Amino acid sequence: MTRPAFWKVDAPEEERPRRTPRRVDSDRPLVEAAQADPARFEALYRKYLAQVYNFAFYELRDQHEAEDVTARTFLAALASIASFEERARPADGDGASTFRVWLFQIARNTIAERRRRVRRRPEAPLEAASSVAAEIDLAHEVALHDDAMAAWQAIGRLPDDRRRALVLRFVDEMTTSEIAGILGRSEGAVRVLIHRALRSVARDLDDRPQ
Amino acid sequence: MTSGFAGREGIQVDALVTDGYLDSLLAAHARGADHAPTTSLPADPIRSIADRLARELPRYHPSFRFEETLAARLAEVARTMRSQDLPERRLKSLPSEMGEPNDGDGSVDRIDVHLRPSLGRPLFIGSAVTSAALSLVGVAYIAWRRGRSGSTRAI
């Protein structure tokens, strides 16, 4: 039977094409609660605080910068929660959250804005500040194991997109589909980014004495 | 292990295999297991570095103090968003405040950038909102009001 391009609204129920049931976004109840009452946003905040902070910390490598970006991200998300629209797709998987993708898009934009501002103010270059901060944070505050330190440093040497994809995959444990949404790339491109990033890190760590 | 493809196709196939491996590896870690049963494995260096990163990459949590301070700030913003009927006498012009140079102490460039072009007329917020940090409350309130009345806007 040929499927009509436009189905008449008044066509009998049994003649209408069946639509694939829409998958429920894992955060839908929390998002709807926050949209109805902004005070209920706290549940989303508590759920994603550490993830957003991790993303910012891996990007900026400075505790205070990461805190600032995290704060801006959540404040901006709260401000716009009423206009957020869920766009879950079956391909996104069971635990997927379009809210999380949206939140990380805000975080990514906030980080980019922060970097632009730092570039406009050369008296406080980010690289110099963050490398010192990273040493202090990691060596003295976090007391990472040597291997973890080497992995952290190797991740930091990756090109931006590869580093982001790898951090989102390993640290924030996102799906390829979610990462694609955040980075604005196709899922295939994200898979290749991660594969290449792993190859680069493997080579990097092989080349350096442990 | 994959090796039968060359060039662009080859890397896409390898990337697909790696992706499947990562799916099962991260799922195994979430269950508390070290290894993941998979039907196809990526090349050795990829597999071992993936195992290593999944095991060793540190995760961070912000300090409790930061978490609670930000929670309080968000609650304050939420309260402002709920109280839509601010008395006119306590209002002051927003654009002049938003137009001040950013001194990096908590003002909101990103929101500013996206709100400014759509501000058709002067907007007003409570005069109690004076510091850069508190001005977030006003900007958030206005963005929320605008969001409720219409279209989705990317941040």
Side-chain angles (χ1 to χ4, degrees), chain A residues 37-42 45-46 49-50 53-54 57 63 66-68 70-72 74-85 102 105-106 109-110 113 117 121 138 142 144-145 147-148 151-152 155 166-167 169-171 173 175-176 188 191-192 194-196 198-199 201-203 205-206, chain B residues 11-12 14-19 22-23 26 29-30 42 45-46 48-50 52-54 56-63 66-67 69-71 73-75 77-82 102 104 106 108-111 113 136-137 139-148 150-155:
Chain A
D37 177 3
R40 306 278 295 276
F41 183 79
E42 185 180 355
Y45 163 68
R46 301 280 183 190
L49 171 66
Y53 178 79
N54 264 292
F57 190 53
Q63 178 192 336
E67 286 180 350
D68 190 61
T70 302
R72 286 165 185 262
F74 280 103
L75 285 162
L78 173 59
S80 302
I81 189 68
S83 61
F84 166 73
E85 285 178 9
W102 180 73
Q105 284 171 343
I106 296 174
N109 286 339
T110 308
E113 177 61 32
R117 196 166 71 189
R121 298 183 174 208
L138 292 175
V142 186
L144 283 174
H145 188 274
D147 288 347
W152 157 274
I155 297 276
L166 214 57
V167 168
R169 192 76 162 109
F170 280 88
V171 180
E173 299 189 3
T175 64
T176 306
R191 278 194 288 267
V192 170
I194 291 172
H195 182 77
R196 287 188 167 140
L198 287 172
R199 251 186 358 203
V201 173
R203 271 200 301 267
L205 292 177
D206 275 352
Chain B
I11 187 115
Q12 284 172 348
D14 287 348
L16 202 59
V17 172
T18 300
D19 191 54
L22 294 183
D23 276 342
L26 295 172
H29 276 229
I46 297 287
S48 54
I49 196 65
R52 182 172 170 183
L53 293 183
E56 292 175 358
L57 267 187
R59 290 170 179 78
Y60 303 96
H61 198 285
S63 68
F66 169 78
E67 179 174 353
T69 303
L70 181 53
R73 207 162 146 194
L74 288 166
V77 173
R79 272 196 300 276
T80 309
M81 288 162 70
R82 279 204 298 198
N102 188 339
V108 280
D109 284 356
R110 191 70 205 166
I111 300 174
V113 163
L136 282 166
V137 176
V139 173
Y141 169 69
I142 285 158
W144 179 74
R145 289 289 303 274
R146 293 179 64 82
R148 284 182 75 85
S151 61
T152 303
R153 184 175 57 246
I155 300 295

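Chain identifiers are assigned alphabetically (A, B, ...) following the order of the sequence lines, protein sequences preceding nucleic acid strands; residue numbering begins at 1 within each chain. Computed from a predicted model, the values in this text were never measured in an experiment.
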Contact winner vs chain B - A/R196, A/E42, A/R169, heavy-atom pairs under 4.5 Å: A/R169
Closest contact, heavy atoms only, B/L53 versus A/A151: CD2-CB, 3.8 Å
Side chain, backbone, both or neither of A/I194 within contact of chain B (heavy atoms, under 4.5 Å): side chain
Minimum-distance pair of heavy atoms, taken over all atoms of B/P58 and A/N54: O-OD1, 4.3 Å
A/F41, part contacting chain B, at a heavy-atom distance under 4.5 Å: side chain
Min side-chain heavy-atom separation A/L78-B/M81 under 4.5 Å: yes
Nearest heavy-atom neighbours spanning B/P45 and A/A202: O-CB, 4.1 Å
Proximal component of B/A75, with respect to chain A [non-hydrogen, under 4.5 Å]: neither
NE2-OG1 distance between A/H195 and B/T18, expressed to the nearest 0.5 angstrom: 4.5 Å
Option that, when pairs with chain A are counted at under 4.5 Å, heavy atom only, ranks first among B/L16, B/D19, B/D23: B/D19
Distance-minimising heavy-atom pair for A/A50 and B/P62: CA-CD, 4.3 Å
side-chain contact (heavy atoms from CB on, under 4.5 Å) assessment of A/T176 paired with B/L22: CA-CA 10 Å; A/T176 306; B/L22 294 183; over 6 Å; no
Step-by-step side-chain contact (heavy atoms from CB on, under 4.5 Å) determination, B/I11 to A/R199: CA-CA 11 Å; B/I11 187 115; A/R199 251 186 358 203; 3.6 Å; yes
Option in A/R46, A/R40, A/E173 with maximal non-hydrogen atom pairs under 4.5 Å from chain B: A/R46
Contact class of A/Y45 relative to chain B, heavy atoms under 4.5 angstrom: side chain
Taking every non-hydrogen atom, the tightest pair across B/L57 and A/F170: CD1-CB, 4.0 Å
side-chain contact (heavy atoms from CB on, under 4.5 Å) between A/V201 and B/R52, intermediate numbers included: CA-CA 11 Å; A/V201 173; B/R52 182 172 170 183; over 6 Å; no
Whether A/Y53 and B/F66 hold their rings parallel, tilted or perpendicular, with breakpoints at 30° and 60°: tilted
Beyond-backbone contact of B/V77 with A/P38, side-chain heavy atoms, under 4.5 angstrom: no
